[in-house]
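Okay, structure first, notes after.
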Amino acid sequence: MSQKVQSATVAKVGLYVGEELARYGFPDGHPLGADRQGAFYKEASAQGLLEKVSARAPRVAMPAEIERFHSKRHVEKVMHAERDRVEYLDNGDTPVFPGVYRASAAVVGSALDGLARIMAGECVRTFQPIGGLHHAGRDHSAGFCVFNDLGVVIETLRSRYDIRRVAYVDIDVHHGDGIFYPFEDDPDLILADIHEDGAHLYPGTGREDETGKGAAKGTKLNIPLMPRSGDREFMQVWPRVVAHLARFEPEFVVFQCGADGLKGDPLAHLEYSPAAHAHAAQSLVQIAKRFCRGRLMAFGGGGYDRSNLARAWSAVLREIA
Ligand SMILES: [Zn+2]
């Protein structure tokens with residue numbers, strides 16, 4: 001087989017699924033249960049999407065890797081949470097469960113494995129359904145998010161791969177406060193975040209006038225939508241995201257495609273269909289091709305109605321594959 005044919009048959013997209021990732025889920029009827037990866041996988045399989053991607057196995061991150069974003073204090077708190085009989089890692093949303101450290105470290109490690117493969121040229125894009133834990137801050141867990149895999153990826157792009165200008169795009173129904181605030185004064189983190197208005201939903205942040213601080217002023221675009229907004233409102237504001245990203249010419253795209261903005265999600269009040277996710281993904285692939293040599297990592301984020309998350313994430317995978 002010639003080199004050309006061989007490279008043409010290698011999938012451009014790595015899909016991170018596996019038992020270690022599936023275990024990231026909270027017990028006792030918690031909305032973020034351990035069955036979400038399976039719900040997505042079944043739908044992606046039924047849609048014939050798995051043939052288009054390379055399945056990649058999860059990897060568990062080392063503490064030092066997690067500490068590229070998080071404080072040592074926080075990493076050690078999670079590591080010893082079961083031994084210390086900690087009940088919640090925050091004030092009531094994020095309970096400790098058996099294997100919490102290892103499952104959380106698998107979310108981070110899989111993201112780093114995807115990043116390494118992209119930078120090595122083994123694939124161009126990745127999708128990791130169990131990931132995109134955008135509420136965890138440098139020194140704390142929050143909102144079902146133990147470690148922030150997205151933050152670790154951004155810090156790793158800078159420290160290991162010398163890529164500074166990163167586009168972070170977040171369409172989860174909740175504001176991505178765990179990325180916004182740690183990078184609020186960072187002029188090279190180009191952020192666009194469409195979410196349900198904070199007056200109506202956790203975490204209450206992400207106002208339109210929050211655009212970055214100091215030298216970073218203007219590098220962050222927050223677009224809150226009122227409850228009951230749907231595809232029409234999403235499509236109306238999306239060109240602002242594209243213009244914002246194009247203005248700063250990023251080198252790499254990180255995409256948090258939470259599915260909790262779909263109609264019927266038990267925790268929120270927007271009314272998207274999977275068409276919103278497809279539109280965003282297709283558009284971001286174009287941005288990535290134009291500025292970033294195609295490089296894009298997508299993460300599933302939130303989404304608590306199983307049928308919704310299965311369809312929204314499959315729509316994303318279809319567009320990036
Ligand atoms: Zn969410």
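Each residue takes its place number in the sequence, starting with 1. In each ligand, atom 1 is the first atom listed, and ligand 1 is the first ligand listed.
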> In terms of side-chain heavy atoms, does His174 have a donor or acceptor partner in Glu196 at a distance below 3.5 Å?
Replying inline: no
>> For a distance under 2.8 Å, tell me if His174 has an N/O/S atom near the Zn ion (ligand 1).
In response: yes
> Looking at the Zn ion (ligand 1), which N/O/S atom of Asp172 is the nearest one?
Replying inline: OD1
> Can you check whether His70 and Phe147 have ring centres sitting under 6.0 Å from each other?
Replying inline: yes
> Of Arg68, Arg138, Arg164, which meets salt bridge (charged side-chain N to carboxylate O under 4.0 Å, His left out) against Glu155?
Replying inline: Arg138
>> Do Pro58 and Tyr16 make a side-chain contact, defined as non-hydrogen atoms from C-beta onward lying under 4.5 Å apart?
In response: no
> With respect to the Zn ion (ligand 1), what is the nearest N, O or S atom of Asp260?
Replying inline: OD2
